[in-house]
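The chains referred to below are lettered A, B, ... by the order of the sequence lines, with proteins before strands, and numbering in each begins at 1.
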Amino acid sequence: MAESALQARRELDPLPLIEGRHDDGTLNKTLLDYVWQRPQPGWLTLFFIGMGGTGLLLAGIAVTLAKGIGMWGNNIPVAWAFGIINFVWWIGIGHAGTLISAILLLFQQKWRTSINRFAEAMTLFAVMQAGLFPVLHLGRPWFAYWLFPYPSTNSIWPQFKSPLMWDVFAVSTYFTTSLLFWYLGLIPDLASLRDASAKRSTRFIYGVFAIGWRGSARHWHHYKIAYLLLAGLATPLVLSVHTIVSWDFALSILPGWHTTIFPPYFVAGAVFSGFAMVLTLMVPARRFLKLKHVITLRHLEAMSKVMLLTGLIVAYGYLMEHFIAWYSGDEFESHVFFQTRARGPYRGIYYLMIFCNIVVPQSFWFPWARRNVFYLWIASVLINVGMWCERFVIVVTSLHQDFIPANWAMYYPTWVDFSLLFGTIAFFGTLFLLFLKYLPAVAATELKELRHELEHEWLEGAKR
Amino acid sequence: MKRYVLGEFGEPEDCVEALRKLHEAGVQGLDAYSPYPLHGSDEALELPRSKVPLVALTGGVFGALGGYVMQAWMNGVDFAINVGNRPPHGFWTNIPITFESGVLLSVLSIFFSAIFYFFALPRPYHPVFESEQFRTASLDAFWVSIETEEEEPVADLEEKLRSTGARRVHTVVESA
């Protein structure tokens, strides 16, 4: 009986979380050793491309600061364009990191352990990119600190009834929480790097960041609970952040924005795009860092299942928006959904969005699509593109044809818009490359613990 | 000068078992060091419940209260903005920032109390780092330490550690 149950379980769960037999020593070696190696030519090439792109970002920022946001394609009525599209896109990407590190931890999903560090780093870097856009869009970014309630000689306070103010608090809280959570998780690994380093210089540098961690049982006692509590707080936080981002739109009265479905639909979309970005980065990284034994097909498959689920929620969101537009009988609502979006001048982007976000993830119903690494990578890139298009559709199509036809105008992005978009992608990539080179991309501490647990489970199973 | 008698174990279970035996034998100043949390070490050392949740709750409550009061006072009292004759103090519109500031203060208090108070870090020097072999404590071995002020019980404690099955035992002395 026990034997057949085990057999059945093996058939249901055929892919291992860690491939091959390992002990703590071999895991240390495979997870930490690439930090000591000299950068490979491929890494250097990508790094220089990233630095070049970051230069483009700096040029875009310089032009924006020197000449003002007139250099962007924004106009009236399309006062919100690339700035907000990119902000929402980046912050959405960040959400997968918190989902993996916090929500899956609370649900005790073992497959999160190999990818959480990676995803958390992605969150941090994505939120950094996201934060740039609203600040630049202020017009006078050097007064960005006016957003915070500090006692000034002007003796005025911010207007807290505005969702834009909520955003300031939500995004800054989110960044702080992600950073502290990430660092707390890194401390034991930094200590491992300190103790594994052969050179005095690296021992010193990692030692400084490990702040004297010695893995004392009395410390782990508090550490475990602190980590769990941070995860518990990050979970509602991540939901609140994208809910508040969606309220930037939903609390206005513009057709196409003013809907109650926005918060859940935005959160699902955020997770959807975030998982796609994790895959986009992970598929090449696991190959070049030789991490295939800890980031197995099982992980990739689990991530594609999450994308299938969240993709379906997003599809439901699209469907419901269109249904309510028709069902309400509201002329302006119908105009946005059935004229501007589906048949208007930006319909190409609308159909690209439908294809990338609804059609592409349906392939994940089939095991071959979930296990073919190359296909997964292509699909994840397409989903990233699709989610960018979704934000374009939401922002631009709703604005460019509003209530009065006399107000209508087309929106065309300028080279500055594109340099900011591609510049942030490059800057994000550069930060990520530095992370991959100098820090353990897989949480070695947690993985060693997982290996120990799995071995015990296996021994228990064998005994029965 | 403090002395630390250190013993190394290859398996986490052996380490916890040794810890339990030594604690039951009434040995004072016990601690263990491991690359990842040891299951059962809290019970073996009979550590009291962690106060971190209390700190988190306090931070969260003060953050949320502070966030609410800040908004109510700034927008409702000190600088009331009349928008379409809506009441300057809006309960529902204060909720998002109240929640965010509650989370923020809770997170900050968890993190900084853990680092500075519960772990008493940053601490660049600790006597256990005197031992070059102790480097394995963050990699692939499990250590038990016994802290003592005097020199005379050291030999006895080393013997006790050896009898629990430690594969390497030695003593480090705090440098002056």
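With respect to chain A, the highest number of heavy-atom pairs below 4.5 Å among B/M70, B/E100, B/H126, B/R86 belongs to B/E100. Between chain A and the residues B/S41, B/P12, B/A137, the most heavy-atom pairs under 4.5 angstrom are made by B/P12. The greatest number of non-hydrogen atom pairs below 4.5 Å with chain B, out of A/I211, A/V241, A/I225, is found for A/I211. For the set B/V52, B/T136, B/I97, the count of heavy-atom pairs under 4.5 angstrom toward chain A peaks at B/I97. Contact count versus chain B (heavy atoms, under 4.5 Å) is highest, among A/S155, A/P149, A/A170, A/P188, for A/A170. By number of non-hydrogen pairs under 4.5 angstrom with chain A, the leading residue of B/L139, B/V83, B/D140 is B/L139.
For the atom pair CH2 of A/W166 and CG of B/N94, the computed distance is 9.0 Å after rounding to the nearest 0.5 Å. Rounded to the nearest 0.5 angstrom, B/F79 CZ and A/I156 CD1 are separated by 5.5 Å. Taken to the nearest 0.5 Å, the CG atom of A/D195 stands 8.0 Å off from the CZ atom of B/F134. With rounding to the nearest 0.5 angstrom, the NE2 atom of A/H452 is 5.0 Å from the OH atom of B/Y36.
Taking both residues in full, the closest heavy atoms of A/A217 and B/L45 are given as CB-CD1, 4.0 Å, listed atom of the first, atom of the second, then distance. The two atoms that bring A/W220 and B/S34 nearest to each other are NE1-O, 3.1 Å, heavy atoms only. Shortest non-hydrogen contact noted between B/P53 and A/L229 is CA-CD1, 3.6 Å. Shortest non-hydrogen contact noted between A/K448 and B/P35 is NZ-CB, 3.8 Å.
Taking 4.5 Å as the heavy-atom cut-off, the residues of residues 115-124 of chain B that approach chain A are B/I115, B/F118, B/F119, B/L121, B/P122, B/R123, ordered by number.
Between A/R218 and B/E147 there is no salt bridge, since none of the side-chain N atoms of the basic residue sits less than 4.0 Å from a carboxylate O of the acidic one.
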List, one per line, each side-chain donor-acceptor pair under 3.5 Å for residues 102-113 of chain B, sequence neighbours excluded.
from	atom 1	to	atom 2	distance (Å)
B/S106	OG	B/A56	O	3.0
B/S109	OG	B/L105	O	2.7
B/S109	OG	B/S106	O	3.0
B/S113	OG	B/S109	O	2.7
B/S113	OG	B/I110	O	3.2

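In this structure, A/H219 contributes its side chain and B/Y33 its backbone to no donor-acceptor pair below 3.5 Å. With hydrogens and angles ignored, the 3.5 Å screen pairs a side-chain donor or acceptor of A/K161 with a backbone N or O of B/P88.
Of the two parts of A/I187, only the side chain, counted from C-beta on, holds a non-hydrogen atom closer than 4.5 Å to a non-hydrogen atom of chain B. Contacts between B/Y125 and chain A at a heavy-atom distance below 4.5 Å are absent for every atom of the residue.
Counting only heavy atoms from C-beta outward, the side chains of B/R135 and A/R194 never approach each other to under 4.5 Å. In this structure, the side chains of A/F160 and B/P96 stay at 4.5 Å or more apart for every pair of heavy atoms.
Of the N and O atoms on the side chains of A/W157 and B/N75, not one donor lies less than 3.5 Å from an acceptor on the other residue. In this structure, a donor-acceptor pair under 3.5 Å is present between the side chains of B/E13 and A/H456. Side-chain atoms of B/S50 and A/H222 include a donor-acceptor pair closer than 3.5 Å.
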Verdict with reasoning, B/E132 to A/R203, per salt bridge (charged side-chain N to carboxylate O under 4.0 Å, His left out): CA-CA 13 Å; B/E132 206 42 35; A/R203 190 175 180 181; 3.7 Å; yes
